[in-house]
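First the structure, in the form of structure tokens, and then the observations on it.
Reminder, nothing fancy here: chain letters follow the sequence lines and each chain counts from 1. Values in this document were obtained by computation on a predicted structure and should not be read as measured data.
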Amino acid sequence: MRRFIAVIFPLVVALAGPLRAAEVSSFSLENGLDVVVLEDNRAPAVVHMVWYRVGSADEPRGVSGIAHYLEHLMFKATDELEAGELSATVARNGGSDNAFTSYDYTGYFQRVASDRLELMMKMEASRMDGLALVPEDIATERDVVIEERNQRTDNDPGALFAEQRRAAQYLSHPYGIPIIGWKHEAEALTLEDAVAFYEQHYGPNNAILVVAGDVNPDDVRKLAETYYGVIPPNPNVEPRKRVIEPPQLAERRLSYADPRIGQAYVIRTYLAPERDAGAQDEAAALTLLSELLGGSATTSFFAEKLQFESQTAIYSAAFYSGLSLDDTTFGLIVVPSEGVSLADAEAAMDKALADFLETGVDMQDLERIRMQIRASEIYGQDNLSSLARTYGAGLTSGLTIEDIEAWPQILGAVTEDDIMQAAAKIFDRSNAVTGWVMPEGAEELMQ
Amino acid sequence: MIRVVFAALMAVAVASPLKAEIDIQEVTSPGGVKAWLVQEDSIPFLSLQIRFTGGASLDPSGKRGVTNLMTGLIEEGAGDLDATAFAEARDGLAASFDFNVWADAMTVSARMLTENRDEAIGLLREALVNPRFDEDAVERVRAQVLSGLRSDATDPNSIAGQTFDAMVYGDHPYASTSDGNLESVSALSRDDIVAANRALLARDRIHVGASGDISAEELGLLLDRLLGDLPETGAPLAGPAEPTVTGGVTVVPFETPQSVAFFGHTGIARDDPDFFAAFVANEVFGGSGLQSRLSEEVREKRGLTYGVGSYLVNYDHADMLLGQFASANDRVAEAIDVVKAEWANIAANGVTQEELSAAKTYLTGAYPLRFDGNGPIARILVGMQATGLTPDYISTRNAQIEAVTLQDVQRVSARIYQPENLQFIVVGQPDGLESTN
């Protein structure tokens, strides 16, 4: 049964990564721009992406949302382009374009016929150092961002709670601040804030160009030198300095009631290590642990214990993504069956965890997951945009190309002992945030 | 492989009409099952898309939600395998089978490796031909459906869509959600589910699209094995929906900071001679990207929303022109005024030559980029068959877009945009907005 349950946020688990479909090459320009080319000639199309090594976690205190707001403003005027001209030009060439902001990166991309690559580079280079913001564009676009926040977060009690949960998870690290910004801060962002952030972080020496599709690396290099190579490095760019999250000593517990919640659930996240350059083994073990414990709605350990045996839950899952510059989280979620309180659901979840630690890895389960990892290398060859994102996200999260390419092998080499060691270490309640989310008025019933 | 061949590779910045050519083979299996195939051998896997026409609109009276529940149960045990054993077998092959159902159809999206394709097809066959519908699985999945219904009841988007449907489609199945309601789903029996399965999964309801590492001959044999044992005929299909939309605003009070607005009225048939003109007109008006008139007026100029669009929607039994956006409670009334004004504007004045040209170059250029991998190609092949198109449509479609004249667009705009019939459903606490109907 795959019906999407509204309380569940998308679980993005990229089991493996990139593969041999495309020929991968990379080089750097003198101004510091790193370039990755994924050559795949199956279709005369290209994905052109520029990733900046800056995200919401690099914002100064008090101006949360500025990285994302600036991402919106990057579609306004530059020295060479009018506001909206870049997107309109992409559309007139039959392409699509968009952008995204995360904690650790900001990316801009176009997907278009491969003979339009030069035009894409010309325009993208224009906004790498030539953004020319004017006050008129500022206020309207800030309203758009507030409506985006309304739509994504304020109208969605699950998303509102996720903000609270992350804020509780990170005492000091900026991963505790929402990417789109706290509402009161996002409403107060100014032209000066945007310009200051742009001048601090944007430039070829803080960017990665990823070109994927029907191109050859020599042509890409020539075009990149012509359009990006002439941009001087930005002297303001500094290596990222993030505060270090202090060790967590006490479990944090949250309880959230909202009349717009139709289905109660319990969710717990543990602070967890991420994939680091040259050191991805523990993250690989955690990735497999999350798959074994709660990766499948039917065959995972949680599904078996909570949904099939005890029928405490109608849905359960574990989730983990190691792709992060700093400490990430390992999560568990249980949606109780009707008549089961959140207290009982949480107790059943803890019992299942204890059972897992006791019984260990089922080797047949592990073999199935290894098979899926191997298969994802084959399936993954079919989606070039996804492949390009894997490189961009990996490189802006502190990994090297070698790390990214080694990931499937590292996943495949994880042993049952590695998984159990990772499990023994991660499931420490003093390292967790546990949340109860429920309809308003149901608080007592949930005890 | 994505066998898209651009006829003309023009110089950069010149928006040339691109031509997509995809090599579609029409396959008929020895047993008579028809399919379209795009053979692409470079990656050793197959994407298979199967559509069973009829969907949740086959629900018998009083059994609302049964087709949806049945679809949720297809993979929950089949043949000798219970739900867990089936999932273990599927995952062990690294195959995936996704079942989806909506008002018009159930679809199966399957993906399997060449190296174990026979086993994967054998497993999928059991799900399609021998589903078990074990009592414990029925109760488990029923509980999931009921949970989803409870969540939808407090979701402004679901409320808006359901309110619109109930208002527009009279006593047609389209008037209520395919998921059913708490009462109807709670009352469904195993016999109801078996009957729903029998009603929908029949050979005269099938469209198949395949893309990937397989020959026409292999595909024919595969299809006979997979689908050959299904019954010949399904239950009678629902008739035309005959939607009635009279225009106005309906506010559904709901405590939330941002109001969700759904809007629309009837649209234009897919086989109408003016369909392409309407399609181009709506691209100018409410199409994708920030260049559309709605996006320009509501988002870019006024900052009233994060996203707004309008869509020509061709269901099997109704043709609609629909749209949606969300705006803060104190701004939604203004946004609705802007949408209404634009609706009246395009109906009265059509579009400009410049807008028409820009929409054409976007639509013709974007078309080849859709054929982006085996899964998308298999879905497109099924969509084309369900729409009644022929394989040569792919090579002629852009020419039909190009042939649309400004005169065509003006004529069709006056016809399809009907300001007096435009109905809004607003879910939230909108300031200064009253229900008119």
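For chain A, the nearby part of Leu304(B) is the backbone; its heavy atoms alone come within less than 4.5 Å. Neither the backbone nor the side chain of Asp82(B) comes within contact range of chain A; no heavy atom of the residue lies under 4.5 Å from a heavy atom of that chain. If you measure heavy-atom distances from Glu88(B) to chain A, the contacts under 4.5 Å come from both the backbone and the side chain. Contacts between Glu148(A) and chain B at a heavy-atom distance below 4.5 Å involve backbone atoms as well as side-chain atoms. Using a 4.5 Å cut-off between heavy atoms, Leu363(B) makes no contact with chain A at all. Contacts between Arg299(B) and chain A at a heavy-atom distance below 4.5 Å involve backbone atoms as well as side-chain atoms. In this structure, chain A has a heavy atom under 4.5 Å from the side chain of Phe254(B), while its backbone stays farther away.
We find that Glu283(B) and Lys360(B) are not joined by a salt bridge, their nearest charged nitrogen and carboxylate oxygen being 4.0 Å or further apart. With respect to the salt-bridge test (charged N to carboxylate O, under 4.0 angstrom), the residues Glu355(B) and Arg293(B) qualify.
In Glu82(A), the CD atom is not crowded: 12 or fewer heavy atoms of neighbouring residues, nucleotides or ligands sit closer than 6.0 Å.
When only modelled atom types and interatomic distance are considered, Arg149(A) and Tyr306(B) share no side-chain donor-acceptor pair under 3.5 Å. Between the side chains of Asn374(B) and Ser211(B), at least one donor N or O sits under 3.5 Å from an acceptor N or O.
Residue with the most contacts toward chain A among Ala359(B), Ala326(B), Pro257(B): Pro257(B) (heavy-atom pairs, distance under 4.5 Å). With respect to chain A, the highest number of heavy-atom pairs below 4.5 Å among Glu300(B), Glu255(B), Arg331(B), Glu139(B) belongs to Arg331(B). Most heavy-atom pairs under 4.5 Å with chain A, from the set Lys301(B), Arg150(B), Gln258(B): that is Gln258(B). Top candidate by heavy-atom pairs under 4.5 Å with chain A, chosen from Ser327(B), Gly375(B), Gly428(B), Pro156(B), is Ser327(B). Here Asp154(A) is the residue among Thr89(A), Asp258(A), Asp365(A), Asp154(A) with the most heavy-atom pairs under 4.5 Å with chain B. Among the candidates Ser96(A), Ala303(A), Ala375(A), Ser337(A), the residue making the largest number of heavy-atom pairs closer than 4.5 Å to chain B is Ala375(A).
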Run the side chain to side chain donor-acceptor pair (under 3.5 Å) check on Asn41(A) and Asp214(A) step by step: do they pass?
CA-CA 4 Å; Asn41(A) 308 115; Asp214(A) 186 19; 2.8 Å; yes
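Residues Phe109(A) and Asn98(A) have side chains in contact (heavy-atom distance under 4.5 Å, counting atoms from C-beta outward).
Both tests pass for Arg111(B) against the ring of Tyr379(A): distance under 6.0 Å to the centre and angle within 45° of the axis.
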